[in-house]
Amino acid sequence: MSAAATPPGSGPERGSVFPPGFDPTAESAEKTLCFRGFWAWAVLILLIAICVSVFMWLLRKCIQGPAYRKANRIDGKVVIVTGCNTGIGKETVLELAKRGARIYMACRDAGRCEAARLEIMDRSHNQQLFNRTLDLGSLQSVRNFVERFKAEESRLDLLINNAGIMACPRTLTTDGYEQQFGVNHLGHFLLTNLLLDRLKQSSPSRIVVVSSAAHLFGRINREDLMSEKKYGKFFGAYSQSKLANILFTCKLSSILKNSRVTVNCCHPGVVRTELNRHFAGPGWMKSVLQTGSLYFFKTPKAGAQTSLRLALDPGLEGSTGGYYSDCMRWPLVPWARNMETADWLWRESEKLVGLPSMEPPPPNQNQNQNQNPTQNSNGTQNGNAANGSREMQSVETVVVNRS
Ligand SMILES: NC(=O)c1ccc[n+]([C@@H]2O[C@H](COP(=O)([O-])OP(=O)(O)OC[C@H]3O[C@@H](n4cnc5c(N)ncnc54)[C@H](OP(=O)(O)O)[C@@H]3O)[C@@H](O)[C@H]2O)c1
């Protein structure tokens with residue numbers, strides 16, 4: 001019987017240095033297995049890390065969305081961008097400046113606007129940038145801005161209604177309107193209407209309205225437009241104002257049919273900007289949000305891409321009345337393309353900002369109006385509405401020329 005055939009532990013093996021029962025081949029096999037096991041684990045962990053990194057990278061790219069890549073220039077084109085001292089507006093101006101535009105930066109804080117203007121001039125090597133004061137929460141400020149602009153420029157090729165305020169505590173504009181509705185919708189409504197003549201003279205020209213997907217939660221509250229009875233910061237007032245932006249776009253596009261002035265609106269995505277400055281949650285939640293937003297939110301540059309496509313893309317010449325997100329056109333939900341609501345909102349906005357009516361109201365509305373004149377949020381009657389549209393026309397047509 002050979003030594004190999006001897007059963008282990010049956011007696012001391014002759015010539016063996018190992019104690020009885022010890023099998024050196026088993027130990028080395030175990031060592032090899034351990035060694036292999038370590039590398040197997042290391043490779044597995046490495047593979048998982050690579051897969052996670054690739055997934056995170058792809059997810060980040062998806063979150064950032066597509067970029068506007070056409071290299072077309074717009075040298076000498078006259079542009080107004082509202083609310084562009086920071087965030088999406090600032091990035092929009094930077095890109096337009098790099099492409100040679102002559103840009104009026106319409107901001108409410110002259111100091112912050114100047115700082116942004118100097119930075120953008122430095123980065124774009126474009127000196128044709130102008131700092132102009134515009135507070136969309138004051139109808140007089142809007143009128144002053146337009147007056148000065150018209151004295152300076154005879155044309156306007158592109159208007160970008162970008163400024164916005166979100167989820168602030170309930171406050172009122174200078175004119176006594178709920179802040180988010182007043183700034184996001186009414187201020188821009190007046191601004192755009194006062195500039196229509198310049199846009200028409202310069203056609204083909206474009207209007208870009210920066211709205212939000214928050215419009216999906218919104219409804220136009222005809223009984224309480226200024227949220228006097230019930231105020232919801234985000235799902236109430238902000239969403240209503242962003243829905244108003246879209247209904248405004250729909251109505252304006254039908255008014256501007258055949259004028260070669262196009263108007264489109266967009267949702268920029270969820271973007272890491274100062275828009276959430278009114279967020280009032282606990283400190284730890286703010287920190288979590290701040291940290292999470294570094295990865296899960298778009299950068300302001302990425303957030304500006306849809307506005308830039310609407311402003312620049314030669315392929316969109318003639319396209320109007322659309323809603324875009326991630327540089328693509330999307331269908332609107334039924335309540336965001338309801339033309340009856342859009343008509344009502346347009347007439348109501350005309351009254352609230354003191355513009356003469358473009359169209360006569362439908363007969364049943366006319367009757368209601370005489371019985372129940374619009375009240376502003378202070379509870380006082382709105383002068384223009386209360387006095388009827390004839391007087392309004394005689395006062396306002398002196399100041400306003402929307403032909
Ligand atoms: N960020 C997002 O995730 C997101 C998502 C959907 C839609 N949007 C829309 O994108 C637009 C740009 O927002 P953003 O994210 O870039 O926010 P942002 O960083 O807060 O910028 C908003 C700009 O609007 C200006 N503004 C606020 N109130 C104004 C007023 N009364 N008159 C004139 N300008 C005023 C601000 O000026 P000050 O700096 O002086 O306050 C600022 O320049 C807004 O319309 C917003 O609703 C943003």
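Order of listing sets the numbers, starting from 1, for every ligand and every atom in it. For this chain, numbers begin at 1 and follow the sequence in order.
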| From A163, S241, G164 - option closest to atom 22 (C) of ligand 1 by heavy atom | G164

| Can you list the atoms of ligand 1 that are under 4.0 Å from a heavy atom of D135? | 30 (C), 31 (N), 32 (N)

| query | How does R277 reach ligand 1, by side chain, by backbone, by both or by neither, if only non-hydrogen atoms under 4.0 Å count? | reply | side chain

| said: Using a 4.0 Å cut-off to any heavy atom of G137, which atoms of ligand 1 qualify? | reply: 31 (N)

| Does H267 reach ligand 1, in the sense of a heavy atom lying below 4.0 Å from it? | yes

| query | Is a salt bridge present between R102 and E153, judged by a nitrogen-to-oxygen distance below 4.0 Å? | reply | yes

| Within the structure, does D109 bring an N/O atom to less than 3.5 angstrom of an N/O atom in ligand 1? | no

| query | Below 4.0 angstrom, N of the basic side chain to O of the carboxylate: do E348 and K351 qualify? | reply | yes

| field | Whether D175 side chain and L139 backbone form a donor-acceptor pair below 3.5 Å | value | yes

| query | By number and element, which atoms of ligand 1 are closer than 4.0 Å to a non-hydrogen atom of V210? | reply | 9 (C), 10 (O), 11 (C), 45 (O)

| request: Before accepting this row, confirm whether a basic side-chain N of the pair R99/D75 lies closer than 4.0 Å to the acidic partner's carboxylate O. | output: no

| ligand 1 versus L275, non-hydrogen atoms closer than 4.0 Å: side chain, backbone, both, neither? | both

| message | Do the side chains of E317 and R206 get close enough for a salt bridge, i.e. N-O under 4.0 angstrom? | response | yes

| Going by the order shown, which atoms of ligand 1 are within less than 4.0 Å of some heavy atom of N85? | 37 (O), 38 (P), 39 (O), 42 (C), 43 (O)

| query | Side chain of R148, backbone of T133: donor and acceptor closer than 3.5 Å? | reply | no

| said: Any nitrogen or oxygen of I165, side chain or backbone, less than 3.5 Å from one on ligand 1? | reply: no

| task | Just go through V271, N276, N162, V270 and tell me whose heavy atom is the nearest to atom 11 (C) of ligand 1. | result | N162

| A214, portion touching ligand 1 at heavy-atom distance under 4.0 Å | neither

| said: Residue-level breakdown please: for R112 versus ligand 1, do any non-hydrogen atoms fall below 4.0 Å on the side chain, on the backbone, on both, or on neither? | reply: side chain

| Which residues satisfy the side chain to side chain donor-acceptor pair (under 3.5 Å) test with R219, sequence neighbours excluded? | none

| Are any of the heavy atoms in G187 under 4.0 Å away from ligand 1? | no

| At a 4.0 Å cut-off, with the gap strictly under it, does some heavy atom of C113 reach an atom of ligand 1? | no

| Under 3.5 Å donor-acceptor, Q179 side chain and G137 backbone | no

| Between E178 and Q180, which heavy-atom pair has the shortest distance, and what is it? | OE2-N, 3.0 Å

| field | Within-cut-off N or O pair, S212 and ligand 1, under 3.5 Å | value | no

| message | I'd like to know if the side chain of R155 reaches the main chain of K77, judged simply by a donor and an acceptor atom lying under 3.5 Å from each other, with no hydrogens or angles considered. | response | no

| request: Identify the residue among N193, N245, N162, T82 that makes a side-chain hydrogen bond (donor to acceptor under 3.5 Å, both in side chains) with H188. | output: T82

| query | Can you find an N or O of I88 that's nearer than 3.5 Å to an N or O of ligand 1? | reply | yes

| For the side chain of N276 and the backbone of F279, is there at least one donor-acceptor N/O pair under 3.5 Å apart? | no

| query | Which one holds for F145 and ligand 1: side chain close, backbone close, both close, or neither close, with close meaning a heavy atom under 4.0 Å? | reply | neither

| said: I need the single residue from Q305, H267, K298, Q64 that forms a side-chain hydrogen bond (donor to acceptor under 3.5 Å, both in side chains) with D326. Which is it? | reply: K298

| note | Among A213, S211, G269, closest by heavy atom to atom 5 (C) of ligand 1 is G269

| said: Which of the numbered atoms in ligand 1 are under 4.0 angstrom from any heavy atom belonging to Y238? | reply: 7 (C), 8 (N), 46 (C), 47 (O)

| remark: The atoms of ligand 1 lying under 4.0 Å from a heavy atom of T86, numbered in the order shown, are 19 (O), 21 (O), 39 (O), 42 (C), 43 (O)

| request: Could you establish whether R272 and ligand 1 come within less than 4.0 Å of each other, counting only heavy atoms on the residue side? | output: no

| field | Min heavy-atom dist P268 to ligand 1 below 4.0 Å | value | yes

| request: Check each atom of ligand 1 against the heavy atoms of G87 and keep those under 4.0 Å away; list them by number with element. | output: 16 (O), 19 (O)

| message | Ring centres under 6.0 Å, that's the criterion: do W346 and F248 meet it? | response | yes

